Amino acid sequence: MSADAEMNSSPPAESDSQVMGKDGMAALVEVLLRRGFTVVGPTVRDGAIVLAELRSADELPYGWGVELDAGRYRLRERADGAAFANAAGPQSWKPFLHPPRVREWSADRLKGELVLTTDHTAPPRYAFLGVRPCDLRAIAIQDRVMTGGVYRDPVYEGRRSGALLIVVECTEPGATCFCVSMGTGPASGPGYDLVMTEVADEDGHRFWVRSGSGEGAEILAELPARPADPETREVARAGVTAAADRMGRTMPEADLRELMAGTLDAPRWDDVAGRCLTCGNCTMVCPTCFCTTSEDVTDLTGDHAERWRVWDSCFDLDFSHLHGGPVRASSRSRYRQWMTHKLGTWYDQFGSSGCVGCGRCIVWCPVGIDITEEAAALHDWTRSGPSASNEAAP
Ligand code: SF4
Ligand code: SF4
């Protein structure tokens with residue numbers, strides 16, 4: 001569903017509530033391919049569940065789950081054969097909507113004339129299969145960032161406007177997930193074309209499917225499905241409720257925007273700076289981080305030049321380079337910038353949190369820095385009397 005359509009979306013009617021088996025999932029991928037979509041979904045590759053182009057539903061990670069912890073990611077087999085009982089993997093949908101590298105233009109000097117070329121290749125029409133509710137919210141946040149202001153990003157808009165979003169609600173949270181405390185899951189919010197909840201129990205492997213858009217309803221009508229029975233609906237809802245109760249982590253119950261604004265001088269920033277490698281992994285895996293920089297390259301002849309837009313990270317020393325050097329030279333200032341933007345100043349800039357609680361930054365941090373633990377430490381500091389313990393340098 002496009003960002004504009006999402007504004008007008010309403011919950012699906014219960015009559016548009018179907019149940020299908022694994023044959024329905026196979027048919028779904030076939031229908032999407034027949035309709036011309038590039039289908040992207042989870043699949044097992046290189047020891048992880050990654051997002052990649054799918055040619056058939058057989059490539060889904062049936063029977064695979066994951067074990068997550070700070071700085072740790074492991075695949076594990078599942079006896080129930082579920083395809084979506086695994087928490088967020090190393091990628092979000094960001095690389096497909098906001099690519100890591102985009103050539104903005106190239107220039108050639110031909111017989112003394114400068115010829116500029118821009119790439120107008122039409123983007124693929126994506127169908128994202130298996131969007132987690134936290135990532136659905138992250139896409140909505142990126143919609144606001146990339147297309148919600150005066151200047152709309154044409155690359156993002158071109159890819160996003162035709163994208164079909166098929167959400168699968170979470171029934172198996174990871175130990176690093178905290179979507180409940182960010183209000184983004186494990187049940188889906190609005191904005192999807194189709195939403196499903198997977199059930200794999202003694203009564204069979206099935207998916208409870210509802211549509212959230214006209215196109216979603218059309219696709220659902222083409223699938224081998226039957227009206228949802230009350231038992232399947234009940235088991236599916238119970239699975240999502242149980243997932244909420246098993247959430248691995250939680251943010252402190254505090255106004256995070258106020259917490260960030262009131263702890264800028266907390267000694268905890270020195271503590272985390274002593275552990276942070278400023279590698280930028282957390283920004284690369286984060287589904288909402290959006291910063292880019294420009295790179296200009298030439299060939300050896302000097303007659304051909306290109307400008308590329310590439311992802312950037314606020315952990316990079318050059319990120320804040322102004323005249324005379326970087327504004328944020330210390331790792332303390334760079335970590336603080338990242339976290340206070342995510343949880344605090346994002347509200348001022350875009351009207352929401354910049355964090356959806358997916359936990360990727362915790363899993364893929366090489367030293368296991370945990371944003372929930374850092375927020376809790378700052379919260380504790382405010383409650384235990386900051387003036388008594390604050391020895392931090394400004
Ligand atoms: S918090 Fe972790 S992932 Fe992020 S820059 Fe520091 S070391 Fe890297
Ligand atoms: S800050 Fe971490 S938990 Fe929050 S959205 Fe980004 S990667 Fe996910």
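None of the values given here were measured: they were computed from a predicted structure. Atom set for the values below is all heavy atoms of this structure, side chains included, hydrogens, waters and symmetry mates excluded. Atoms within a ligand are numbered from 1 in the order they appear, just like the ligands themselves.
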Q | E104/R307 salt bridge by N-O under 4.0 Å criterion | A | no
Q) Among protein atoms, how many N/O/S atoms lie less than 2.8 Å from atom 2 (Fe) of ligand 1? A) 1
Q | Nearest-contact summary for atom 3 (S) of ligand 2 - protein heavy atom, Å | A | G359 N, 3.2 Å
Q.
Within the 4.0 Å heavy-atom shell around F178, which atoms of ligand 2 are there?
A. 3 (S)
Q.
Check whether W208 forms a cation-pi arrangement with R210 (NZ or CZ under 6.0 Å from the six-membered ring centre, at most 45° off the ring normal).
A. yes
Q: Could I get the full list of ring-ring contact (aromatic ring centres under 6.0 Å, His included) partners for H379, not counting sequence neighbours?
A: none
Q | Stepwise salt bridge (Lys or Arg N to Asp or Glu O under 4.0 Å) test for D80 and R78 | A | CA-CA 6 Å; D80 61 6; R78 293 184 62 91; 2.7 Å; yes
Q: Heavy-atom contacts with K342 under 4.0 Å: which atoms of ligand 2 show up? List them by number with element.
A: 1 (S)
Q. Which atom pair, heavy atoms only, marks the closest approach of P42 to F84?
A. CG-CE2, 3.8 Å
Q) Looking at atom 5 (S) of ligand 2, what's its closest protein heavy atom, distance included? A) V356 N, 3.3 Å
Q | Output field: ring centroids F290/F350 closer than 6.0 Å | A | yes
Q. Among protein heavy atoms, which sits nearest to atom 4 (Fe) of ligand 2, and what does the distance come to when rounded to 0.1 Å?
A. C355 SG, 2.4 Å
Q: Could I get the full list of side chain to side chain donor-acceptor pair (under 3.5 Å) partners for E222, not counting sequence neighbours?
A: R34, R35
Q) Atoms of ligand 1 less than 4.0 Å from T278 heavy atoms? A) 5 (S), 6 (Fe)
Q) Which residue pairs satisfy the side chain to side chain donor-acceptor pair (under 3.5 Å) criterion with at least one member in residues 353-369, sequence neighbours excluded? A) D135-R360
(Q) Tell me whether the count of non-hydrogen atoms from other residues, nucleotides or ligands lying under 6.0 Å of CZ in R76 goes above 12. (A) yes
Q) In the protein, what heavy atom is nearest to atom 8 (Fe) of ligand 2, and what distance, to one decimal place, separates them? A) C358 SG, 2.3 Å
Q. For atom 6 (Fe) of ligand 2, what's the nearest protein heavy atom and its distance?
A. C286 SG, 2.4 Å
Q: Check whether any heavy atom of W338 sits under 4.0 Å from an atom of ligand 1.
A: no
Q: Give a yes or no on whether the ring-centroid distance for F207 and H205 is below 6.0 angstrom.
A: yes
